[in-house]
Amino acid sequence: MEFTLLIVIIVLALIFDYINGFHDAANAIATVVATKVLTPFQAVVWAAFFNFLAYWVFGFGVADTVAKTANTLEIDLVVILAGVIAAIIWNLFTWWQGIPSSSSHTLIGGFAGAAIAHAIAVHGFFEYTVIDGAETHSAYWYNTVNWYTPGIEGGFPSGVLIIIAFIVIAPLLGALISYLISIWLLNASKKSIYPKLFTIGLMLLTIWFVESQMIYYEQIKKPRFDSHFWSIALESHNIKWFLVAFIVLSVSGFCLTFSSLNLHQSNYWLKKMQLISSAAFSLGHGGNDSQKVMGIIAAAVTVYIHTSGITQDSLPDWLDVVLPNADGDFKMPEWIPLACYSAIAAGTLSGGWKIVKTMGSKITKVTSFEGVAAETAGALTLYFTEHFRVPVSTTHTITGSIIGVGLTKRVSAVRWGMTVSLLWAWVLTIPISAILAAIIYYVLSIFL
């Protein structure tokens, strides 16, 4: 029974990943479709390709954070099953209504809500004792969820409260970066030496920063190649920072020549740059959102080990999952990330045209100029939040970025009525998903 439940959860998690792809396809393709850089079909193929390519770029930090949303020693597989079902239902509903809500927060809310429902069902609202190895401590129903965990050795903290905080922080960060990029581009179009000096300074600063973030051969725990060069160049951590450098240096190269281009030439090159910016955002989307499903699968395997009595050593190789821990242990069978990245890419290929319309025209009018600024800002935001292992919403990030470029024209250029409606969807996603998951958990508990 336990093993069957585990297989059902893995299948439903991959279905959720597929739905996530077509639900969030608009995030990466809305601006390139709105500006007619690519046709809708070309855009989804482009985005899907880079969704899958993220497999070679990103690690498993976000997956680790999602897997630890709830204490896996205090829940069962029905909790995870209820959370995934609730996430699928809310995602399909918001897709049908054309609302760009967060697939990430749907999954987190569902997982947390079902875990709390389980704790109340088993322990009630009163204090109970938890045995953790050789130690015992008191807990309440709300302790089942990992609300806040301080960062290790000065690292970034994690927990549901951090994820909730980024409902506000991620779009604000996207808006700020896109606003600054837009101002940078606008000044670069003027025939003045100062924007060029600023651009050259930024290029040098970027090269220095990326070099400081790189991991060299001696620091790589498991080099992929005998060659020092290829091991460094193709280390996933380094690839991510190479991409950051490539994005910033590409925009910088355009800024150095912007003032010498006429209107036709400017539009031509901005549309070419949109291909780069949308590809960069699709990479971030694939890397961020696929890891959340990996985290759910990893949590399900951990719970299966705990509830079935099976040992880690007796697991079949294809289920032998160990996410990063304090001892530095780590293991992820190749089929899990491959399946997750394939599922989200296939979902993106299916498109999500209702949300494309909302993102591409209803927030603010988008041209190639705004498209480059918004997608570049969104991509950089996703790369940096992934670096800090924070599961953020790609929907919130790109929406904030689009608002940021709209603000460079005038405040009234942003359709605030639509924006307020989106904000309500963002705020309500986690609590609604949690309540829905709790109800589903109680119903499933009757039969399972």
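In this text the structure is predicted, and so the values were computed from the model without any measurement.
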(message) Below 30° counts as parallel, above 60° as perpendicular, anything between as tilted: where do the rings of F52 and W56 land?
(response) perpendicular
| said: Strictly distance-based, threshold 3.5 Å: is any side-chain N or O of T65 a donor or acceptor partner for the main-chain N or O of G61? | reply: yes
| said: Could you check whether any side-chain N or O of Q291 sits under 3.5 Å from a backbone N or O of G287, counting only pairs where one atom can act as donor and the other as acceptor? | reply: yes
*Is a side-chain donor or acceptor of S178 paired with a backbone partner of S401 at a separation under 3.5 angstrom?*
yes
Please work out which of the three classes, parallel, tilted or perpendicular, describes the rings of Y217 and H228, given edges at 30° and 60°. parallel
Check your understanding: Is atom CZ of F246 surrounded by more than 12 heavy atoms (other residues, nucleotides or ligands) closer than 6.0 Å?
Key -> no
- [ ] Could you check if a side-chain atom of Y341 sits within less than 4.5 angstrom of a side-chain atom of F58, using non-hydrogen atoms only?
- [x] yes
Taking the side chain as C-beta and beyond, is there a heavy-atom pair between V293 and I344 under 4.5 Å?
no
I'd like to know if the side chain of N143 and the backbone of Y140 have a donor-acceptor N/O pair within less than 3.5 Å.
yes
### Query
With no hydrogens and no angle check, do the side chains of S393 and S102 hold a donor and an acceptor under 3.5 Å apart?
yes
Taking the six-membered ring for Trp and the full ring for Phe, Tyr or His, determine whether the centres of F209 and W241 are under 6.0 Å apart. yes
- Say whether, by atom type as modelled, one donor and one acceptor occur between the side chain of N146 and the main chain of A70 under 3.5 angstrom. no
* Are N51 and T348 close enough that a side-chain donor and a side-chain acceptor fall under 3.5 Å? -> yes
message = Over 60° means perpendicular and under 30° means parallel, so tell me whether H396 and H105 are parallel, tilted or perpendicular.
response = tilted
### Message
Counting only heavy atoms from other residues, nucleotides and ligands, does the tally under 6.0 Å from CH2 of W335 exceed 12?
### Response
yes
* Is the backbone of N20 close enough, under 3.5 Å, to the side chain of D17 for a donor and an acceptor to pair up by distance? -> no
Distance alone, cut at 3.5 Å: any donor-acceptor contact between the side chains of N71 and E74?
yes
Closest non-hydrogen contact found for A280 with I247 is CB-CD1, 3.5 Å
Q | T385 side-chain N/O to L382 backbone N/O, donor-acceptor pair under 3.5 Å | A | yes
- Check step by step if side-chain hydrogen bond (donor to acceptor under 3.5 Å, both in side chains) holds for W46 and S278. CA-CA 9 Å; W46 183 255; S278 65; 3.2 Å; yes
*Taking the side chain from E127 and the backbone from A139, do they hold a donor-acceptor pair closer than 3.5 Å?*
no
- For T144 and W141, indicate whether the former's side chain and the latter's backbone hold a donor-acceptor pair under 3.5 Å. yes
